[in-house]
Protein chains: 2
Amino acid sequence: MGDEMADENISDLIERYLKEILADNEQIKIRRSEIAGLFDVVPSQINYVINTRFTIQNGYIVESKRGGGGYIRIEKVHLLDDIDVLDSLIAAIGNKLSKRDSETIVQTLYNNDLIDRREVSIILAAIDKDAIDLNNNDLTDILRANIMISILNRLRYER
Amino acid sequence: MGDEMADENISDLIERYLKEILADNEQIKIRRSEIAGLFDVVPSQINYVINTRFTIQNGYIVESKRGGGGYIRIEKVHLLDDIDVLDSLIAAIGNKLSKRDSETIVQTLYNNDLIDRREVSIILAAIDKDAIDLNNNDLTDILRANIMISILNRLRYER
DNA sequence: CATTCTTTGACTAATATTGACTATTATTAT
DNA sequence: ATAATAATAGTCAATATTAGTCAAAGAATG
């Protein structure tokens, strides 16, 4: 890679365009079709750009609304400094997560002062066996993994 | 949550208009056609706004009267204590819970000082669409209901 | 070549807007 | 009083306006 090379593809251009705006603003609210029109691509390409380049790992959260006056909002979030614990926990969780392992994770979070007592309680309630039980143990473990990862990702930043 | 900027659609504007009045008053009594005229929409759109944004889950009670001198009255609801808030929210959740309704509930919890910002964030992460998506929308709504109820029940003890 | 990334578009989903028709209540005429 | 009319609000389904998903085709990369 050299210096200052022209980004070749349109997705990169769109990414750069949005990030330039985000350099001066905490968030942007766009109309999907407008941006698509600006770069002369199909609207769904905007979703592609967002899904590949504005993830939470990159420090962005995205929300949207359909219907009249619909929009996509991209928000820059401030990633916390002591994220290592969270990252390694996320990395360690695979496809599935047992009840036992999930409790260990919650305990670790608490021990590291990443969550308080009430938050422990809320998280345990969210992954409670009865809440996510669908008569299929594999499915329950998958759900537990998904929910836990989602929560850990939330803990990575503050608004 | 909160800081609203440039709502694009008219329903949002009407919602904000009414809520601004309600910020200073316990209730408002409106004439449907008047509000409709103010925003230049058909009268039934006022019903749409009320049905989607002034539900009991949102913390409002609405009553109305037809005929000459008819009106719609929107009243802020006062729940007696925290347990009542939780109980009525739990009662309002049936078998399934949409994303939209779940967000309303979380907002209500926050407005009633039952949870703080971080807890809002954690709960929303737990019921995030991607976390509980199993390629079946009904199932997702069922899971969301289960998880939300589980959390609400936990909050009853965790004061 | 094989693999991964990008581009495209047909189909789906969510939300908002509109208006025709209905229901209820108040007022006026008989 | 009763009936007719006017003045409201409610319901519901059609249409409009967005954004999302997914898989296939094409391009780039190694």
Side-chain angles (χ1 to χ4, degrees), chain A residues 1-2 5-18 28-55 58 61-74, chain B residues 6-18 28-55 58 61-75 96-104 128-141 144:
Chain A
M1 295 278 162
M5 46 171 306
D7 294 316
E8 222 49 73
N9 66 59
I10 299 182
S11 289
D12 286 340
L13 290 178
I14 297 170
E15 173 189 10
R16 197 166 53 175
Y17 172 77
L18 295 175
I28 43 173
K29 197 172 178 183
I30 62 172
R31 175 143 311 175
R32 189 179 72 154
S33 58
E34 240 172 48
I35 304 296
L38 203 55
F39 290 90
D40 195 31
V41 297
V42 296
S44 61
Q45 182 150 1
I46 307 306
N47 296 89
Y48 174 73
V49 172
I50 285 174
N51 292 332
T52 53
R53 293 151 163 89
F54 291 88
T55 65
N58 290 319
I61 56 180
V62 178
E63 47 180 65
S64 62
K65 196 163 123 178
R66 309 183 193 186
Y71 59 82
I72 300 176
R73 174 166 31 217
I74 306 175
Chain B
D7 303 278
E8 221 47 67
N9 69 59
I10 300 180
S11 290
D12 284 342
L13 291 178
I14 297 171
E15 173 190 10
R16 196 165 55 175
Y17 172 78
L18 296 175
I28 44 172
K29 196 171 177 181
I30 62 173
R31 174 144 313 175
R32 189 179 73 155
S33 57
E34 235 172 53
I35 304 296
L38 201 55
F39 289 91
D40 196 30
V41 297
V42 296
S44 61
Q45 182 151 2
I46 307 306
N47 297 89
Y48 174 74
V49 172
I50 286 174
N51 291 332
T52 53
R53 293 151 164 88
F54 291 88
T55 65
N58 248 305
I61 289 178
V62 178
E63 41 180 68
S64 62
K65 199 164 101 174
R66 308 185 192 186
Y71 59 83
I72 300 175
R73 173 166 37 218
I74 305 175
E75 193 180 342
K96 304 198 243 170
L97 182 65
S98 72
K99 179 173 192 288
R100 184 177 181 143
D101 285 347
S102 69
E103 283 165 356
T104 299
D128 183 77
K129 180 185 175 307
D130 292 331
I132 60 176
D133 187 25
L134 294 171
N135 282 329
N136 178 331
N137 289 345
D138 270 3
L139 213 50
T140 298
D141 284 356
R144 192 162 19 230

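Because the structure is a prediction, the values reported are computed rather than measured. Numbers restart at 1 for each chain; the letters A, B, ... are given by sequence-line order, proteins then strands.
Counting to the nearest Å, the C1' atom of C/dT17 and the CD atom of B/E8 are 15 Å from each other. One can place CG of B/D138 at 17 Å from P of C/dT12, the figure rounded to the nearest angstrom. When rounded to the nearest whole Å, the span between CG of B/N51 and P of C/dT17 equals 14 Å. Between B/D40 atom CG and C/dG19 atom P there is a gap of 10 Å when expressed in whole angstrom units. Distance, B/R32 CZ to C/dT22 C1': 12 Å, rounded to whole Å. Across the protein-nucleic acid pair, B/R31 atom CZ and C/dT25 atom P stand 16 Å apart, rounded to whole Å. Here the P atom of nucleotide C/dT12 and the CG atom of B/N136 are 16 Å apart, to the nearest Å. The distance between atom CD of B/E63 and atom C1' of C/dT25, rounded to the nearest whole Å, is 15 Å.
The side chain of B/S11 places no N or O atom within less than 4.0 Å of a non-bridging phosphate oxygen (OP1 or OP2) of C/dT15. Dashed line: the shortest gap from a side-chain N or O of B/Q45 to OP1 or OP2 of C/dT18 is under 4.0 Å. At C/dA16, one or more side-chain N or O atoms of B/R100 fall inside 4.0 Å of OP1 or OP2 (strictly under the cut-off). A sub-4.0 Å separation between OP1 or OP2 of C/dT17 and a side-chain N or O of B/S44 is absent. Between A/R66 and C/dT17 there is no side-chain polar atom (N or O) within less than 4.0 angstrom of OP1 or OP2.
Side-chain proximity of A/K65 to C/dT15, C/dT6, D/dC22: nearest is C/dT15. Taking every side-chain heavy atom of A/N47 into account, D/dG20 is the closest of C/dA16, D/dG20, C/dT6.
Annotation for A/P43 and A/A36: closest pair CA-CB, 3.7 Å, computed over non-hydrogen atoms. The heavy-atom pair separating B/Q45 from B/S11 by the smallest distance is NE2-OG, 2.9 Å.
Counting any heavy atom pair closer than 4.0 Å across all strands shown, B/R73 reaches no nucleic acid atom. Contact annotation for A/T52: no contact, since no heavy-atom pair falls under 4.0 Å across all strands. Using a 4.0 Å heavy-atom criterion, one finds that B/I72 contacts the sugar-phosphate atoms exclusively. Across all strands shown, A/G70 has heavy atoms under 4.0 Å from sugar-phosphate atoms exclusively, and none from any base.
Surrounding CG of A/D40 are at most 12 heavy atoms belonging to other residues, nucleotides or ligands under 6.0 Å away. Residue A/Y17 places its OH atom among 12 or fewer non-hydrogen atoms of other residues, nucleotides or ligands, all under 6.0 Å distant.
Checked by atom type and distance alone, the side chain of A/S44 never pairs as donor or acceptor with a backbone atom of A/N47 at under 3.5 Å.
Applying side chain to side chain contact (heavy atoms under 4.5 Å, CB included) to A/I28 and the options A/I35, A/I72, A/L18 leaves one that passes, A/L18.
The 5' end of DNA chain C is approached more closely, in terms of each residue's nearest nucleotide, by B/Y48 than by the other of B/V42 and B/Y48. Both B/G68 and A/I50 sit near DNA chain D, but only B/G68 has its closest nucleotide nearer the 5' end.
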